[in-house]
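Have a look at the structure below, then the notes.
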Amino acid sequence: MVVFSVTTSTFLTVDNLSLVVQQSLVVATLALGQTLIVLTGGIDLANAAVMVLGTMVLARLVTEGSNSVVALVAGFLVCAVLGAISGGLVTMLNLPPFIVTLGMLTVVLAAGRLYSEGSSYPVTDNLLGVLGEGGYLFGQIKVTHGMMLAVVMFAITWYALTRTAWGRHVYALGNDPEAARLTGIHVGRTRFSVYLIAGVIYAFAAWQALGRIPNADPNAFQTGNLDSITAVVIGGTSLFGGRGSVMGTVVGALIVAVLRSGLTQAGIDSLYQDVATGVLVIAAVAFDQVVRRRSR
């Protein structure tokens, strides 16, 4: 932020900083679900695809005349079921999360294009677009309903991870599944619940996405899964499981958004922005490895 504030005249303004937060919302929400899964030592490559399919279900049902509440429920059910399927395959068949979610990514991407019939659906319904609306704090800072929802979701997840037995079980599972089992933790149930909850969180991300851009496009958020993983890793959550925090994910998502916004305003090509983000991820993972080795 310091570098971009000095090198550009438009970065450090109320409007731009508010826009940065708005732009980070969807990725941050995807990263929230990703954090839960990564804490257990897993990974979800299909989260953005699940979210996009959720937007398609919401928008198409409303376009075809369904009640918006019914459409919203259907979208949440679709995302939750897909999360449950991934969790079930990982838990019951003991398959690697990387392979399961890679397969789910392919399946859900194809399903989204088949369901949409290659078309995008504009969203004009008030309920589906409500998260993009809001007001102004102190008369200048734009605060949308999507921002407030994100704050609530992050607060609830933080509480669940740090103040409940379920949260302790999630961390224990990520640290050592066998040790967690020997202490009486139901490893399978805990792992399945994480994927199911993550699916519900992806549904909220779909709702936020329609509030941000009122158009459901099957080709949207193609790098959303990688962006969410980037936010999680940069935020300090270990890809090896057992260590990380919700607040770290918030910071990671904001770092990615600030980096892209600043580089864009500095006139840097988007390809170089991807290079910079990739370097950050590699550096974060390397740092995590060093910390783990020293702690041993």
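None of the values given here were measured: they were computed from a predicted structure. Values below: all heavy atoms of this structure, side chains included; hydrogens, waters and symmetry mates excluded.
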Nearest 0.5 angstrom please: [X] [atom1] to [Y] [atom2], how far?
| X | Y | atom1 | atom2 | value |
| --- | --- | --- | --- | --- |
| Leu30 | Ser228 | CG | OG | 5.5 Å |
| Ile43 | Ile37 | CD1 | CD1 | 9.5 Å |
| Leu131 | Met147 | CG | CE | 11.5 Å |
| Ile185 | Arg168 | CD1 | CZ | 9.5 Å |
| Leu182 | Asp176 | CG | CG | 8.5 Å |
| Ile85 | Met104 | CD1 | CE | 5.0 Å |

Just checking, is any N or O donor in the side chain of [X] or [Y] under 3.5 Å from an acceptor N or O on the other one?
| X | Y | value |
| --- | --- | --- |
| Tyr121 | Asp217 | no |
| Asn219 | Arg113 | yes |
| Gln22 | Thr144 | no |
| Asn16 | Thr10 | no |
| Thr35 | Thr249 | yes |

Any non-hydrogen side-chain atom of [X] less than 4.5 Å from a side-chain atom of [Y]?
| X | Y | value |
| --- | --- | --- |
| Val21 | Leu17 | no |
| Val90 | Leu95 | no |
| Asn225 | Asp44 | no |
| Val194 | Trp166 | yes |
| Thr230 | Leu280 | no |
| Met51 | Phe221 | yes |
| Ile213 | Gln208 | no |
| Leu61 | Val70 | no |

Would you call the rings of Phe4 and Phe11 parallel, tilted or perpendicular if under 30° counts as parallel and over 60° as perpendicular?
->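 Tilted: the ring planes of Phe4 and Phe11 meet at 30° to 60°.
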Does any N or O in the side chain of [X] come within less than 3.5 Å of the main-chain N or O of [Y], such that one atom is a donor and the other an acceptor?
| X | Y | value |
| --- | --- | --- |
| Thr157 | Met153 | yes |
| Trp207 | Gly129 | no |
| Thr29 | Leu25 | yes |

In terms of heavy-atom contacts, does CE of Met148 have more than 12 from other residues, nucleotides or ligands at under 6.0 Å?
-> yes
Quick check: are there more than 12 heavy atoms from other residues, nucleotides or ligands sitting under 6.0 Å from CZ of Phe287?
-> no
side-chain contact (heavy atoms from CB on, under 4.5 Å) with His169: of Thr183, Val187, Thr190, Thr164, only one passes, and it is Thr190
Should Asp274 and Arg260 count as an ion pair when the cut-off is N to O under 4.0 Å?
-> yes
Ala257: side-chain contact (heavy atoms from CB on, under 4.5 Å) partners, not counting sequence neighbours |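 Result, side-chain contact (heavy atoms from CB on, under 4.5 Å) vs Ala257: Val20, Ser24.
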Lys NZ or Arg CZ of Arg60 over Tyr115 ring: under 6.0 Å, within 45° | yes
What salt bridge (Lys or Arg N to Asp or Glu O under 4.0 Å) pairs are there with at least one residue in residues 248-259, not counting sequence neighbours?
->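 Output for this query is empty, none listed.
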Mind checking who shares a hydrophobic cluster with Val275, ILVMFWY linked at side-chain heavy-atom distances under 4.5 Å?
-> Val279
